[in-house]
Enquirer: 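The structure that follows is given in the form of structure tokens.
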Amino acid sequence: MPKRQRKFADDGWAVWIDGEDTSTIHINDWLNPKSNSYVDIAVHIRGIKSSNWLNVYVPFSVTKDEIEDVSLSFADTKILQAIFSAACIVDYKKNPYTSEIAYNGKTIDIVHISTVNFQAESLSSGTIVRVNLQELQPYLANDEAYFIWRMPHKSLDAIFKPYVDVENVMERLRDLITTPVVSEKYGYSIRINESRLLPEEITRIGMFHRQKLKKAAITLSVDESYELNDSNCYRIRRLEEQLYQDYLPKDYQCDDVITYQWNQSREDNLQGQFNFYYSITKNSVSRGSMFLYIILLLAVGFVGDLVSEGIKTLIRLFL
């Protein structure tokens, strides 16, 4: 069985808040091997009233125009229920910059990032998304707030991008002939606030080293045609298609999708590092093999007809 293995280098993300806070980051990967993948970034800031800046380092290039403010869809309480796993009461667009939601006995502000003057600064190997929290203070009613947005996940697209190994054409041809089944395995890691993986522009920022990120949770949404190594995670649920239908990324198919979640908490070390690794595999019938088999069958049939006609002609000549 031909095996294709793709492993992406360690992926360095960073999140820090300039202020006294204990915060959480959620990353939801929408894996879409056949098209464009997306990632939702949600940062839950506790103590936002004493915070100055929200900073998120993204380990690939992203522009402001590519950042989609999915919080604008939170006027739909079904979407809110799907996102927060609870019935929510929403005061949508309480002011030009925020909405307010109440769930599980608490009230939290949702900041609509598209309405604030946030920055997306390019670095040598990535992008920093920065939000000035001081400018928001007059519009915040609570000391907890969520920021959530979606953007193309270009590092995942790099993993799933088709490629042809030109140097091994004969080996590829042999694989196509010997077996139609192809085993694909993809490895990917997400590491948050791990200094050795981050560019110098980030590691030399003093506030980055003093941040108090409490917890990081990674959610993966992947079609069941791929098998995910879930030894370090637990299954949350299938996506509720009716709740998510107006929230899904463009062209994303949510049939038979399960959401997995990693959840690493640091009770004693609030400056802990978060490392998540997963691999997904897929065994499938190669279309190339099927096409080659059809060509070979047609060729054999054509040659067989020629041989048959030749034999018939020879028989007629000698009879």
Enquirer: Identify every side-chain donor-acceptor pair in residues 245-252 under 3.5 Å, counting partners at least two apart or on other chains, and give the distances.
Expert:
from	atom 1	to	atom 2	distance (Å)
Tyr247	OH	Asp40	OD2	3.2
Tyr252	OH	Leu31	O	3.4
Tyr252	OH	Ser221	O	2.9

Enquirer: With rounding to the nearest 0.5 Å, note down the distance linking NZ in Lys106 to CG in Asn104.
Expert: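 Between Lys106 NZ and Asn104 CG, I get 6.5 Å after rounding to 0.5 Å.
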
Enquirer: Nearest 0.5 angstrom please: Ile25 CD1 to Ile45 CD1, how far?
Expert: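 The distance works out to 10.5 Å.
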
Enquirer: Can you find a heavy atom in the side chain of Tyr188 that is under 4.5 Å from one in the side chain of Ile280?
Expert: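 A side-chain contact under 4.5 Å is absent here.
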
Enquirer: Quick check against the 3.5 Å criterion: does Gln134 have a side-chain atom that pairs as donor or acceptor with the backbone of Ser51?
Expert: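 Looks like yes, one N/O pair under 3.5 Å.
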
Enquirer: For residues 74-87, which side-chain N or O atoms pair as donor and acceptor with protein atoms under 3.5 Å away, sequence neighbours left out?
Expert:
from	atom 1	to	atom 2	distance (Å)
Asp76	OD1	Lys78	N	2.9
Ser85	OG	Arg237	NH1	3.2

Enquirer: State plainly whether one hydrophobic cluster holds both Val257 and Val222, where clusters connect Ile, Leu, Val, Met, Phe, Trp and Tyr through side-chain heavy atoms under 4.5 angstrom apart.
Expert: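 In one cluster: no.
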
Enquirer: If you take all heavy atoms of Cys88 and Tyr103, which pair is closest and at what distance?
Expert: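 Of all heavy-atom pairs spanning Cys88 and Tyr103, the closest is SG-CB, 3.7 Å.
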
Enquirer: So, for Glu144 and His44, which heavy atoms are closest and what is the spacing to 0.1 Å?
Expert: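 What the structure gives for the nearest pair is OE1-NE2, 2.8 Å.
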
Enquirer: Rounded to the nearest 0.5 Å, what separation is found between the CD1 atom of Ile41 and the CD1 atom of Ile113?
Expert: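 Rounded to the nearest 0.5 Å, the CD1-CD1 separation comes to 10.5 Å.
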
Enquirer: For Asn193 and Ala14, work out which heavy atoms get closest and say how close.
Expert: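 Taking every non-hydrogen atom into account, OD1-CA, 3.0 Å.
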
Enquirer: So which atom in Lys154 and which in Val62 form the shortest heavy-atom distance, rounded to 0.1 Å?
Expert: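 Nearest heavy atoms, Lys154 then Val62: NZ-CA, 4.2 Å.
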
Enquirer: Taking the side chain as C-beta and beyond, is there a heavy-atom pair between Trp13 and Pro59 under 4.5 Å?
Expert: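 They are in contact (side-chain heavy atoms under 4.5 Å apart), so the answer is yes.
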
Enquirer: Would you check if the side chain of Thr98 reaches a backbone N or O of Val111 as a donor-acceptor pair within less than 3.5 Å?
Expert: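 Flag not set: sc Thr98 to bb Val111 has no pair under 3.5 Å.
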
Enquirer: Do Ile218 and Ile258 belong to the same hydrophobic cluster, where Ile, Leu, Val, Met, Phe, Trp and Tyr are linked whenever their side-chain heavy atoms lie under 4.5 Å apart, directly or via other members?
Expert: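 Per the 4.5 Å side-chain linkage, Ile218 and Ile258 are co-clustered.
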
Enquirer: Look up atom CG in Leu72 and atom OG in Ser114, then write down how far apart they are to the nearest 0.5 Å.
Expert: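 Here the rounded value is 4.0 Å.
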
Enquirer: Hey, quick one: are Leu54 and Tyr146 part of the same hydrophobic cluster, counting side-chain heavy atoms closer than 4.5 Å, chains of contacts allowed?
Expert: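 No; Tyr146 is not reachable from Leu54 via cluster members.
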
Enquirer: Got a donor-acceptor contact below 3.5 angstrom from the Thr24 side chain to the Val43 backbone?
Expert: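 Pair absent, no side-chain N/O of Thr24 close to backbone of Val43.
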
Enquirer: List the steps and the verdict of side chain to side chain contact (heavy atoms under 4.5 Å, CB included) for Leu133 and Phe147.
Expert: CA-CA 11 Å; Leu133 303 179; Phe147 293 78; 3.4 Å; yes

Enquirer: Could you check Tyr57 against Ile128 for side chain to side chain contact (heavy atoms under 4.5 Å, CB included), going step by step and ending with a plain yes or no?
Expert: CA-CA 4 Å; Tyr57 171 72; Ile128 294 183; 4.1 Å; yes

Enquirer: Does a side-chain heavy-atom distance below 4.5 Å link Ile110 with Val90?
Expert: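 Counting from C-beta outward, Ile110 and Val90 never come under 4.5 Å.
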
Enquirer: Run Tyr38 and Glu66 through side chain to side chain contact (heavy atoms under 4.5 Å, CB included) and show every step you take.
Expert: CA-CA 11 Å; Tyr38 294 88; Glu66 291 176 309; over 6 Å; no

Enquirer: Got a sec, which pairs hit salt bridge (Lys or Arg N to Asp or Glu O under 4.0 Å) with one end in residues 85-104, sequence neighbours left out?
Expert: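 Found Lys94-Glu100.
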
Enquirer: Just by modelled atom types, is the Tyr139 backbone N or O under 3.5 Å from a matching donor or acceptor in the Asn95 side chain?
Expert: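 Judged by distance alone, yes, a pair lies under 3.5 Å.
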
Enquirer: With a 3.5 Å distance limit and no angle check, can you tell me whether Asp157 reaches the backbone of Asn36 through a side-chain donor-acceptor pair?
Expert: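 Flag not set: sc Asp157 to bb Asn36 has no pair under 3.5 Å.
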
Enquirer: Might you point out which heavy atoms bring Tyr244 and Leu239 nearest each other, and give the distance in Å?
Expert: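 Heavy atoms only, the tightest pair is CE1-CD2, 3.6 Å.
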
Enquirer: Would Ile108 end up clustered with Leu140 when hydrophobic side chains under 4.5 Å apart are linked, directly or stepwise?
Expert: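 No.
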
Enquirer: According to a 4.5 Å side-chain heavy-atom criterion applied to Ile, Leu, Val, Met, Phe, Trp and Tyr, with indirect links allowed, do Ile148 and Ile67 form part of one hydrophobic cluster?
Expert: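 Result: no, two separate clusters.
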
Enquirer: Can Ile48 and Asp109 be said to form a side chain to side chain contact (heavy atoms under 4.5 Å, CB included), step by step?
Expert: CA-CA 10 Å; Ile48 191 171; Asp109 287 319; 5.9 Å; no

Enquirer: Could you measure the distance from the CZ atom of Arg196 to the OG1 atom of Thr203? Nearest 0.5 Å is fine.
Expert: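 Between Arg196 CZ and Thr203 OG1, I get 13.0 Å after rounding to 0.5 Å.
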
Enquirer: Within the structure provided, determine whether Val39 and Val58 are in side-chain contact (heavy-atom separation under 4.5 Å).
Expert: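 Heavy-atom side-chain distance check fails, nothing below 4.5 Å.
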
Enquirer: At what distance, to the nearest 0.5 angstrom, does CD of Glu135 lie from CG of Asn52?
Expert: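 Answer for the CD-CG pair, Glu135 versus Asn52, is 11.5 Å.
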
Enquirer: Taking OH in Tyr260 as the centre, count heavy atoms belonging to other residues, nucleotides or ligands within less than 6.0 Å. Is the count above 12?
Expert: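 Result for OH/Tyr260: enclosed.
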
Enquirer: Asn55 and Arg130: which non-hydrogen atoms are nearest, and at how many Å?
Expert: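 So the two residues come closest at OD1-NE, 2.8 Å.
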
Enquirer: Examine distances only and state if a side-chain atom of Ser73 and a backbone atom of Val70 form a donor-acceptor pair shorter than 3.5 Å.
Expert: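 Checking the backbone N and O of Val70 against the side chain of Ser73, a donor-acceptor pair under 3.5 Å is found.
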
